[in-house]
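Take a look at the structure below.
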Amino acid sequence: MMKSRISRRDAAKLLGTAVLGAAAAASAGPAVFAAPATTKLRIGTNPILDSAPMYAAIKNRYFAAEHIEADIVPGVGGAVAMPAVAAGKLQIATSNIVTLILAANQGIGFKIITGGAGVGAGVPNEMCALMVRKGSGLESGASFEGKRVAVNTRNNINWLALRMFVDGRGGHSERVHILEIPFPQMADALLNDRVDAATVNEPYASAAMAGAGGKLEIIAWPFSEALPNSMISCYAAMGDYISAHAETIAAVSRAYNRGIDWVHENLRKPAWDELVAGYTRLPEKRVQSLLAIPAYTKTVSPADLERAGKAMERYGVLQKMPDAAGMIYKTALA
Amino acid sequence: MSSTDANGARHSGRFFGRMVRGRRSGFLLLVALLALWETSARGGWVVSENWPPVTQVIASAAVGLAGGEISWALAATIYHAAAGFVIGATAGVLIGMLMAVFAPIRRTIEPALELLRPIPVPAIIPPLILFLGLDDPMKITVVSLTVFFPVMVNTVEGGTSVEPTYGAVAATFGLPALRALRTVLLPATLPYVFAGLRVSVALALIVAVVSEMIAGTSGIGYFVVSMEYAGRAADMYAALIVLALTGYLANLAFGMIERRALHWHFASDGGARAE
């Protein structure tokens, strides 16, 4: 067999052709060697336990891996963030299911695009403790009638869960005097007899128990009693935006779900403590002593929304529950 | 209360009288209040995680300022307040002067302005979020709107209160209208304008903080809410104290600027100022 040999002249021609070809391709605009474009997103979220998967996804560069530059806008969720999403100032924001149902009922086209934080069947996967002064005797639904109970926001998720809890234990929730008090001030209000009970979310529940000198006790966890195994807060975007940017939304969902996986792998470990302490600005000791942590899930069930919606109808904050499945985009649908 | 010594002097009475009449009385009151705070926290009069001793608060303030946490937040608030103040004050003076000089303009826009004036700032923030988002433009706009009204009202008041003699003298000397406006009317209105500006300095800071608390991503207002929800009460109060000091210094600085700008007014008026 004859050996084929390439002459030096031919090799030089081949090499020159390759170099010229590469240069032409590189200068051909968004072509062969161009890096994928990065999408910039503004995401509104609250620096609370619910948001751990989102912050984990950002810290571990899961969004960057999806070519997304996520600009977190902290301190804005729900009632402040959703108008900003509707106006296009934010692309995605966190909200609890009550706010989302109310928005859907008003025809504002939000769709849930990711799972989020919820509750399981009880502690440790919980978010909200019903706290009273020790020895108060409050336990049955009827015992709360005529009493003053603190929630952070009326006509929203804590208020709803409290009413469902009282009615579920045989009481009449319309006879409970429900007051609005911010979470950090609830322990003081209880200790100073300004209220008889309070729905205290973590991390304020564990802080209150640690700092109250044994004068307070947790008698129930109303979220899991009223809405067991339910989603409570998740991320949503406008339907128009989703339709126009379906690939981006899919990428967000992938990155966020990796954040949930990271949270599950690192829960209660030093990496988790560091992450949560960092974005909540809580002292690490407070993070380590949490009594309950939300259940983080990747999907939202229409049944969760329907159950909350029916309760909202019963308590007069909603005229008619909108189509629950229609509120959930495919990336979050169970 | 007094006692007399061998010389018959009422020492303690004079001493107390001097303290009350002098500037030190304000400082001493502050010290007494801070001592009360410290005692109530350390002595267990108030048992709460949200009531740290004042020494702890001062230490947090020092750490926060030196480390940058409070410094950067304060810088953001000062930026929001200052930018909004400049825009609102400029608009207030311009529109106020137009309304003072041209009665048809005043008649046309005054009803709308009077309707808008009483609306409280927290109420306008949600609609502003829709149009301006959550960032600096929204906060600066809120501050501008708040500063605009007192400056505009005082400018109109000043412009319509100028002594008619001034206008007559300007006409006698044949001054062109624009020059008369610049050299006669505007200086005569300045005491009123500065009265409006003085009120607005404090308002600008307050409203900047409120907007940061409601829809914040930066600034002292956002920092205060963050520290409240992080259970870091000492840091929260530290930020409030730093804010109070900032407001005090801003007021002092404004007073100095006012005295320089209106030196002729203070000299001729014996220190009395337009309100």
Side-chain angles (χ1 to χ4, degrees), chain A residues 42-49 71-77 79-91 93 108 152 182-192 194 201-213 215 276-287 289, chain B residues 41 44-52 56 60 63-64 67 69-70 72-73 76 122-139 141 209-239:
Chain A
R42 302 200 82 202
I43 302 174
T45 188
N46 275 319
I48 56 177
L49 292 176
D71 175 24
I72 287 287
V73 181
V76 285
V80 175
M82 299 325 279
V85 173
K89 307 300 179 189
L90 300 174
Q91 284 71 55
I108 304 172
N152 63 320
F183 289 128
Q185 276 76 55
M186 282 184 179
D188 288 339
L190 269 172
L191 290 168
N192 291 295
R194 304 273 186 261
N201 279 30
E202 279 289 40
Y204 310 102
S206 47
M209 292 299 290
K215 293 177 185 170
V276 174
Y279 77 78
T280 61
R281 304 174 104 165
L282 290 167
E284 267 199 41
K285 278 174 71 174
R286 285 271 296 270
V287 179
S289 62
Chain B
W45 300 356
V46 178
V47 179
S48 170
E49 299 245 320
N50 294 318
W51 193 244
Q56 203 174 316
S60 293
V63 168
E69 217 179 11
I70 292 182
W72 281 114
I124 63 171
I125 289 177
L128 281 181
I129 290 174
L130 279 176
F131 295 111
L132 298 171
L134 296 158
D135 299 311
D136 291 345
M138 184 273 289
K139 299 175 186 70
T141 301
V209 171
V210 168
S211 65
E212 290 159 1
M213 292 175 94
I214 293 176
T217 55
S218 63
I220 286 284
Y222 173 67
F223 182 83
V224 165
V225 172
S226 297
M227 292 302 104
E228 178 196 10
Y229 278 86
R232 289 164 57 177
D235 294 308
M236 182 185 73
Y237 287 112

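In what follows, chains are A, B, ... by sequence order, proteins preceding strands, each numbered from 1. What you see is a predicted model; the values in this text were computed from it and never measured.
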Atom group of B/L132 that falls short of 4.5 Å from chain A, counting heavy atoms: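 It is the backbone, since no side chain atom gets that close.
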Atom group of B/E212 that falls short of 4.5 Å from chain A, counting heavy atoms: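 Contact with chain A: none, neither part.
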Heavy-atom neighbours of B/W72 CH2 exceed 12 at 6.0 Å: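 Not buried by this count: 12 neighbours or fewer within 6.0 Å.
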For B/A230 against A/P283, the heavy-atom pair lying closest together: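 Looking at all heavy atoms of both residues, the closest pair is O-CD, 3.9 Å.
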Nearest heavy atoms of A/A87 and B/L130, plus distance in Å: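 Where A/A87 meets B/L130 most closely, the heavy atoms are CB-O, 3.1 Å.
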Distance in Å, B/N50 CG paired with A/Q185 CD, rounded so as to fall on 0.5 Å steps: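 With rounding to 0.5 Å, CG (B/N50) is 5.5 Å from CD (A/Q185).
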B/D135 side, atom CG; A/R42 side, atom CZ - distance, nearest 0.5 Å: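 Result: 4.0 Å between the selected atoms.
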Chain B contacts, top residue of A/P184, A/P182, A/A277 (heavy-atom pairs, under 4.5 Å):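 Ranked by contacts with chain B, first place is A/P184.
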Option that, when pairs with chain A are counted at under 4.5 Å, heavy atom only, ranks first among B/S218, B/S226, B/S48: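 If we count pairs closer than 4.5 Å to chain A, B/S48 comes out on top.
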Non-hydrogen side-chain atoms of A/R281 and B/F223 separated by less than 4.5 Å: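 Yes - at least one pair of side-chain heavy atoms lies under 4.5 Å apart.
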Side chain proximity check, B/Y222 to A/P74, heavy atoms < 4.5 angstrom: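 When only atoms from C-beta onward are counted, A/P74 and B/Y222 do touch, with a gap below 4.5 Å.
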B/Y229 backbone acceptor or donor facing A/Y204 side chain under 3.5 Å: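 Yes.
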